[in-house]
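To start, the structure under review is shown below, and the notes come after it.
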Amino acid sequence: MKHPIITNLFGILFAVALLEISAFRLSLWIEEALRLLIASIFAYCNHSVLKKSYFSIHSWFLLIIAILLLLFMKPLEISEKIYLIGHTFLSVAFLEQLLIRGILFTYIRSKNPNAISILMTVTLSLFFYCFVFWIKKHIDPNDSTILSIEVIVYFLIFQWLYTVIFSLSQNLWICSLLQFQIETRIIPLSLFTLLFIAYVLYSAYKMNWMKNRNDWI
């Protein structure tokens, strides 16, 4: 693929626009099918950069978070569980992580230092967010979504967090579960925070983060 960063950038913009329009006009099932198709097309076209480690489930943190999520989701109705797992986690969180971190960030990092790649990826994420906001307002002028300084700062912090964690873990499932938990807050915040800090400290020790500070700045 020639110019993979630019090609995927415009591809993601087109996909985002298509998904926003479909969410407004089509049924949820058709939207889910469209999301699956988009993920498949991007994965196929960029299979050369998608490493096996991106999809590995061999992580104690991943296993514990998955189990806790299932336990705390137990009181919910079956329909709610299906929606959360099928739509919020797989169709939204995982698709976002695949496109932005798994594909776009990987291409950017292949040509730039890791810290610069993180900055560029977070900036592009903000660009996508503003693009989605613009589309929503044009489709539905009465949409309640707001774009304030607080919202942008909150968004940038978590986009930076997702990108740093992916750059160090090389695992899309971990980033997707992290996004899913942040958006749904199913696991109590105190418990999740303790587990996340434990994971960060364990990874810092195992991977000698302090000797590679440029990886997470």
Side-chain angles (χ1 to χ4, degrees), residues 12 15-43 54-102 125 128-129 131-133 135-137 139-140 142-148 150-151 154-159 161-163 165-166 169 171-199:
I12 293 173
V16 166
L18 192 60
L19 287 173
E20 287 302 320
I21 294 172
S22 68
F24 184 73
R25 299 181 181 275
L26 304 177
S27 68
L28 180 61
W29 290 107
I30 297 178
E31 182 189 348
E32 295 304 302
L34 182 60
R35 287 178 176 274
L36 178 59
L37 178 62
I38 289 172
S40 301
I41 292 173
F42 273 92
Y54 290 3
F55 308 96
S56 174
I57 58 173
H58 299 123
S59 167
W60 63 267
F61 179 72
L62 182 64
L63 181 62
I64 291 175
I65 294 300
I67 292 174
L68 286 174
L69 283 171
L70 291 175
L71 288 175
F72 282 104
M73 286 171 61
K74 190 175 181 179
L76 301 178
E77 298 290 335
I78 295 295
S79 58
E80 291 179 290
K81 294 177 183 177
I82 293 174
Y83 180 82
L84 285 173
I85 295 174
H87 178 74
T88 310
F89 174 61
L90 291 175
S91 293
V92 176
F94 185 77
L95 179 60
E96 178 182 322
Q97 297 302 328
L98 172 67
L99 298 183
I100 297 180
R101 253 62 63 174
S125 297
F128 293 141
Y129 182 79
F131 181 65
V132 169
F133 176 81
I135 291 177
K136 285 183 176 180
K137 288 299 181 182
I139 294 176
D140 182 12
N142 297 320
D143 186 84
S144 59
T145 306
I146 60 172
L147 192 64
S148 63
E150 292 80 5
V151 170
Y154 182 85
F155 176 82
L156 289 175
I157 289 173
F158 284 109
Q159 289 299 313
L161 178 63
Y162 300 149
T163 310
I165 293 300
F166 176 74
S169 69
N171 193 301
L172 290 171
W173 293 119
I174 290 178
C175 295
S176 301
L177 279 178
L178 181 60
Q179 179 178 337
F180 178 72
Q181 163 60 21
I182 289 172
E183 292 180 355
T184 61
R185 301 181 182 180
I186 292 176
I187 301 175
L189 180 61
S190 56
L191 176 58
F192 179 79
T193 302
L194 287 174
L195 287 171
F196 184 69
I197 291 175
Y199 171 72

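Treat the numbers as computed from the prediction; the structure is a model and nothing was measured. Just the heavy atoms: all of them, side chains too, but no hydrogens, waters or symmetry mates, feed the values below.
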Taking all atoms of both residues into account, what is the closest heavy-atom pair of [X] and [Y], and its distance?
| X | Y | value |
| --- | --- | --- |
| Thr88 | Thr184 | CG2-CG2, 4.0 Å |
| Ile187 | Ile65 | CD1-O, 4.0 Å |
| Asn171 | Ser56 | ND2-O, 2.7 Å |
| Ser176 | Ala93 | O-CB, 3.7 Å |
| Ile85 | Met73 | CG1-CE, 3.7 Å |
| Arg101 | Thr163 | NH1-OG1, 3.2 Å |

Straight-line distance of [X] [atom1] to [Y] [atom2], nearest 0.5 Å:
| X | Y | atom1 | atom2 | value |
| --- | --- | --- | --- | --- |
| Ile67 | Leu62 | CD1 | CG | 10.0 Å |
| Ile64 | Leu191 | CD1 | CG | 9.5 Å |
| Ile182 | Tyr154 | CD1 | OH | 6.5 Å |
| Leu98 | Ile12 | CG | CD1 | 9.0 Å |
| Leu99 | Ser125 | CG | OG | 10.5 Å |
| Glu31 | Ile21 | CD | CD1 | 12.0 Å |

Test item: [X] and [Y] side chains (from C-beta on) under 4.5 Å apart, heavy atoms:
| X | Y | answer |
| --- | --- | --- |
| Tyr129 | Val151 | yes |
| Phe55 | Phe94 | yes |
| Tyr83 | Leu28 | yes |
| Ser190 | Leu194 | no |
| Ile30 | Leu34 | no |

Margin query: Checking Phe89 against Trp173 for the side chain to side chain contact (heavy atoms under 4.5 Å, CB included) test, could you report, in this order, the C-alpha distance in whole Å, the side-chain angles of both residues, the deciding distance, and whether it holds?
Written below: CA-CA 10 Å; Phe89 174 61; Trp173 293 119; 3.7 Å; yes

Notebook entry, point to check: Do the rings of Phe196 and Tyr199 sit parallel, tilted or perpendicular, given the 30° and 60° boundaries?
Noted result: tilted

Notebook entry, point to check: Do the ring centers of Phe166 and Tyr162 come within less than 6.0 Å of each other?
Noted result: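 Here the rings of Tyr162 and Phe166 have centres that are no less than 6.0 Å from each other.
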
Next item on the list: For Gln159 and Gln179, test the side chains for any donor-to-acceptor distance below 3.5 angstrom and give the result as yes or no.
Entry: no

Checklist line | Any side-chain donor near an acceptor of the partner, Ser91 and Glu32, under 3.5 Å | finding: yes

Next item on the list: Taking only Lys NZ, Arg NE, NH1 and NH2, and the carboxylate oxygens of Asp or Glu, determine whether Glu77 and Lys81 approach each other closer than 4.0 Å.
Entry: no

Next item on the list: List the steps and the verdict of side chain to side chain contact (heavy atoms under 4.5 Å, CB included) for Leu84 and Ile186.
Entry: CA-CA 10 Å; Leu84 285 173; Ile186 292 176; 4.0 Å; yes

